[in-house]
Number of protein chains: 2
Amino acid sequence: MDRALARILMDTALGRRPADLVVTHATVLNVFTGELLPDQTIAVKAGHFAAVGADLSLARGPETMVFDAAGQIAIPGLVDGHTHQAPRLLPETLIAAVLASGTTTIITELEGMAFVGGTEGLRVFLDALRDQPIKVFATLPPMAALHPALEEQAPTLAEAEQLLARADIVGLGEIPWANLLRDAPRLLDLVALARRLGKPPQGHSAGARGARLQAYFASGIGSCHEPITPDEVRERLRLGVHTMVRHGGVRRDIDHVAPLWAEPLDWRRLILVTDSVDARGLLADGYLDAVVQRAIDTGLAPVRAIQAATLNVAEHFRLDHRLGAIAPGREADLALLPDLRTLRPTLVLSRGQLIAREGQPLVQARRHRYPPWLYRTLRLPEVTADWFRLPAAQQTNRLRALAFGEGLVTGEAWVEGGAADGAIALLPDADLAKLACIERQTPTPRRFVGLAQGFGLRAGACATTSGWDAACITAIGVNDADLALAVNRVRALQGGVVVCAGGRVLAECATPVGGLWSEEPVAAVAAAEERLEGALRELGVRHPRPLLALDILTTGAIPHLRLTPLGYVRLRDGALLGLTDPA
Amino acid sequence: MDRALARILMDTALGRRPADLVVTHATVLNVFTGELLPDQTIAVKAGHFAAVGADLSLARGPETMVFDAAGQIAIPGLVDGHTHQAPRLLPETLIAAVLASGTTTIITELEGMAFVGGTEGLRVFLDALRDQPIKVFATLPPMAALHPALEEQAPTLAEAEQLLARADIVGLGEIPWANLLRDAPRLLDLVALARRLGKPPQGHSAGARGARLQAYFASGIGSCHEPITPDEVRERLRLGVHTMVRHGGVRRDIDHVAPLWAEPLDWRRLILVTDSVDARGLLADGYLDAVVQRAIDTGLAPVRAIQAATLNVAEHFRLDHRLGAIAPGREADLALLPDLRTLRPTLVLSRGQLIAREGQPLVQARRHRYPPWLYRTLRLPEVTADWFRLPAAQQTNRLRALAFGEGLVTGEAWVEGGAADGAIALLPDADLAKLACIERQTPTPRRFVGLAQGFGLRAGACATTSGWDAACITAIGVNDADLALAVNRVRALQGGVVVCAGGRVLAECATPVGGLWSEEPVAAVAAAEERLEGALRELGVRHPRPLLALDILTTGAIPHLRLTPLGYVRLRDGALLGLTDPA
């Protein structure tokens, strides 16, 4: 807001200038007081609310649009306080998909493109988010990797200061608690810097409780989106943490947390988030609207649920003077609902622009032009099957494997190694596969080949470039030739996911933009994901979400044994481990 | 918080370092959830809370102090979100007076010293607030004067940017709504700048409602401490304004607002403030503790009342990661109460330091050394009785007078002028006095002499340098010789208040520091104020608070007719008016 805009809004409120748009007879949810106020008039001018009330003396001109909202509830546009770019979708594809949902602000992590392109990658991502029909803000990735040797792309403190000063960066991205609790001067400096600049540092304290949780938040971290039980939510709220309950593509925690809704707590620090929604989730369920709907359906009072996706988020990010409420001076982001319990907007305004009616978008997301270098980020050489050969161990045939479990958490397992031709061979019926992690942006990639247990793969291989918090190819397979084929096909596509077996590609999805994003629409990506998972199931995989299970192997955000191009990393102590080192 | 401090707090929470101080068995008011949590342990290290909970694994060393708080309630130190330096007291005198009260943070306006010394005056004030036993933050005075010609001391936008970037300046000071609604590019630029820098602009919307109120807050103003009825509080809360209800030296609004407490509103934007407490108020009632106590006594739930003087304030000023709660990472500001309804702290911690027990301060405020120039701010020449002579008007004997009312609001009145020796003479029995405003910091002061009606003064004169939002001498009197005597005595004292009659000084209080502050303790100033008001009553003054009534004549914050060295100003239209100009 500058002086000229302030003057325009003031004049509009005073009835000296005609409003651009007037909503009449709405029942407004006042997120500040928690009241439902009947028969309100809402005046919009220059993309902002100029006045909201029962008895306004507004001027209307010939250009003033008027919507009669009799019988409907006006709520502020929803604000997603924590998400990640939907896997394999372009930013503008995700934006297009949520236009009709009532979400008018997204605050997204940027880490994927940052691991690919460093600060230049960040800038491209931020450029893509600009001038879209809804607002997308970002958090600066702290680039906490599984091992310090993998943090080469991390911004210096001076770079971080420049980036955090940007208006479109509203926080510091999530730092897993284990990283911060270790000796982590770089990360603690980032947290302090972000606090000094008024950009709240985002947290990730999955599984932490008691002393560790207290220590983690004593550092200045301000949020967490990882609590999955009522106790975990309550413990974080009590520590003053903006506590985000998520229900999206990675996890759906609301049903588990719901028993808490009955407690008479002050909910001002509760926030509902997606933490990312994937292509199939967007089609099947929607976006943040589905999260709020689920909270209401499980017993959270509708007013509290909507506050948790509007005002509470805006307050956390120090944006509450700009958005998150229907009030003078705020950007005119609004959804009309048929009733307070039904998150199906009949009309959506974003910055005063009508962007959707009755579930149909009325505007298009801006198609961004990505720079040519972003389509050439796989610079590793063609690989051969012998990259996946495991020379037989000298002193032991006990081998360390990454064990897949029921959910997303992995473990450390010891397995017997067989041998053939001086190399380790996979024992049949032991549900073992080779698991490789290969750097992808250099002609001389560092790489590691280990073992996976419990994935179910009985033939073929799968390779992907969408591993979290790393710019690598993750590949899993029971056949070295298929492993090489999958990796080479991914390389030829300049990114994506490939499943192959018997020397043939069975399914694939290309993501050539930075090796991460497809240029296809949501439905095409969703269909490709279905085909990929179908192919994996055909090959014996039992994991319910095999693509996600592979993608998260490279992040420190999920325990316990993790995968890097340098070896396994055990999250508990940060130890970098090989196939045969002692435990 | 920097990296080293974060590390120390984390290590303390993890039990790897001994705490400095541990409070045990406290019932803690959790201001985030609104819960009262029994049997809590609170660990303090390096001036901050490191951990708070029921089941901590802390380390204690030989130096660790332990307080058993069994049976007591721990609340965060109170935060006064809007005040002004107490009239005639030094900053350190006010600080000393509140040490035992449970207030550990004060956010004060700075306007007085800014009108006296411009940016240099501000810096002196800020220096005095530094390194005190409690925290005092400030808001940058926008220097909105009654007339643009009186805004010479106002900071440029570049100066304002520098000042707003300071860590000890946490907001932009209050701007009266009438100033902002007029053509006010300088003020609108300041509001926008403050918002951009994350320093919320403070408001003052006394009496405004409807369209004007909406327009005012559409500009980006974030608070108001002027609502005096339940409707006015509710209207502001609905606009998303951090709504401050005051109960202090200027007004006591809680009793009038109290019917609102019964409504089931979300109270997160309610704030309780003093808006300044004078010397006698400090002695008789206390400070912010008295405000919170009154809110509780009039029916506001104690938890809500304490939130309104802790977390809510911290959130408004974007300080909630630093203070306003008993939680890891926050400064260790805390008061122990005998019960939740009795704001009489048995113990006060400020930044982890024990500053008071059982109502007695245990530390001293730092005596600041003020620069010599600040003791020489009255630079006007000696005045003579003829300064107060009003030449008889040519065409009319209708004269404009400033009319005192019941409270603080003044009006515009027309009175008959008598004449003697070619000058206007006061008609007996008309309750008229001469009212003068004289610049005080220049050897060639601009000055204005008008008339006051209804003050009750029957003999003598009173002069004062403590007029708000101006660096002037305000004088009222029925005798030109006594007017000159009072002004000259104030000049000799280098500031203060003087009452005289019949050529004799009847009472006085010197305020030689910037012409505003006495170096005497609270009790001495309170006694001097009693003597001054007693003398005025002897001279016939009926106004219940005559010193305050005179001080506020020079501010735009209170309607309707105001006083400047250039003439009257009518607040409604900003018109500068003389004694005889047409209405």
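Side chains included, hydrogens not; waters and symmetry mates left out as well; all remaining heavy atoms used. Order of the sequence lines fixes the chain letters, A, B, ..., with proteins taken first and strands second; residue numbering starts at 1 for each chain.
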Between B/Val241, B/Asp183, B/Leu237, B/Leu9, which residue shows the highest count of heavy-atom pairs closer than 4.5 Å to chain A? B/Leu237

Measuring only between side-chain heavy atoms, which start at C-beta, is B/Arg268 closer than 4.5 Å to A/Gln307? yes

Does a side-chain heavy-atom distance below 4.5 Å link A/Arg234 with B/Thr33? no

Whatever's closer than 4.5 Å to a heavy atom in chain B on A/Leu187 counts as neither

Tell me, yes or no, whether the heavy-atom count around A/Asp55 atom CG, taken from other residues, nucleotides or ligands under 6.0 Å, exceeds 12. no

Can you find a heavy atom in the side chain of A/Leu239 that is under 4.5 Å from one in the side chain of B/Pro328? yes

If you count heavy-atom pairs under 4.5 Å with chain A, which of B/Ala327, B/Ala51, B/Gly34, B/Ala6 comes out on top? B/Ala51

One option among B/Gly240, B/Ala192, B/Ala167 has the most heavy-atom pairs under 4.5 Å with chain A, and it is B/Gly240

Honestly, the part of B/Ile8 sitting under 4.5 Å from a heavy atom of chain A is neither

Chain A heavy atoms under 4.5 Å from B/Leu56: which part of the residue, side chain, backbone, both or neither? side chain

Does any heavy atom of chain A fall under 4.5 Å from the side chain of B/Ala50, the backbone, both, or neither of them? backbone

Rounded to the nearest 0.5 Å, how far apart are CG of B/Asp11 and CG of A/Leu181? 8.5 Å

Take atom CZ in B/Arg212; do more than 12 heavy atoms of anything else shown fall under 6.0 Å from it? no

What part of A/Arg322 is in contact with chain B, defined as an atom under 4.5 angstrom from a non-hydrogen atom: side chain, backbone, both or neither? neither

Find the distance between OG (B/Ser219) and CE (A/Met1) and round it off to the nearest 0.5 Å. 7.0 Å

So which of B/Ser57, B/Ala211, B/Ala43, B/Ala184 has the biggest tally of heavy-atom pairs under 4.5 Å with chain A? B/Ala211

Looking at B/Gly329, B/Gly210, B/Pro185, which one has more heavy-atom pairs under 4.5 Å with chain A than the rest? B/Pro185

Taking all atoms of both residues into account, what is the closest heavy-atom pair of A/Leu14 and B/Ala215, and its distance? CG-CB, 3.7 Å

How many angstroms lie between atom CZ of A/Arg236 and atom CZ of B/Phe32, to the nearest 0.5 angstrom? 15.0 Å

Does a salt bridge link A/Arg269 with B/Asp320, judged by any charged N lying under 4.0 Å from a carboxylate O? yes

Is the number of heavy atoms from other residues, nucleotides or ligands within 6.0 Å of CZ (A/Arg209) greater than 12? no

Of the backbone (N, CA, C, O) and the side chain (C-beta and beyond), which part of B/Arg196 lies under 4.5 Å from a heavy atom of chain A, both, or neither? neither

Is the closest side-chain heavy-atom distance between B/Leu188 and A/Met10 below 4.5 Å? yes

So for A/Asp2, is it side chain, backbone, both, or neither that comes closer than 4.5 Å to the heavy atoms of chain B? backbone

Check: B/Glu35 side chain, A/Leu265 main-chain N or O, donor-acceptor pair, under 3.5 Å: no

Using 0.5 Å steps for rounding, measure from the CZ atom of A/Arg195 to the NE2 atom of B/His321. 5.0 Å

Mind ranking B/Ile326, B/Asn312, B/Thr12 by heavy-atom pairs under 4.5 Å with chain A and telling me who comes out on top? B/Asn312

Under 4.5 Å to a heavy atom of chain A? For B/Leu270 that would be neither

Is the closest side-chain heavy-atom distance between A/Asp266 and B/Arg304 below 4.5 Å? yes

For residues A/Val191 and B/Arg3, determine if any side-chain heavy atom of one lies less than 4.5 Å from a side-chain heavy atom of the other. no

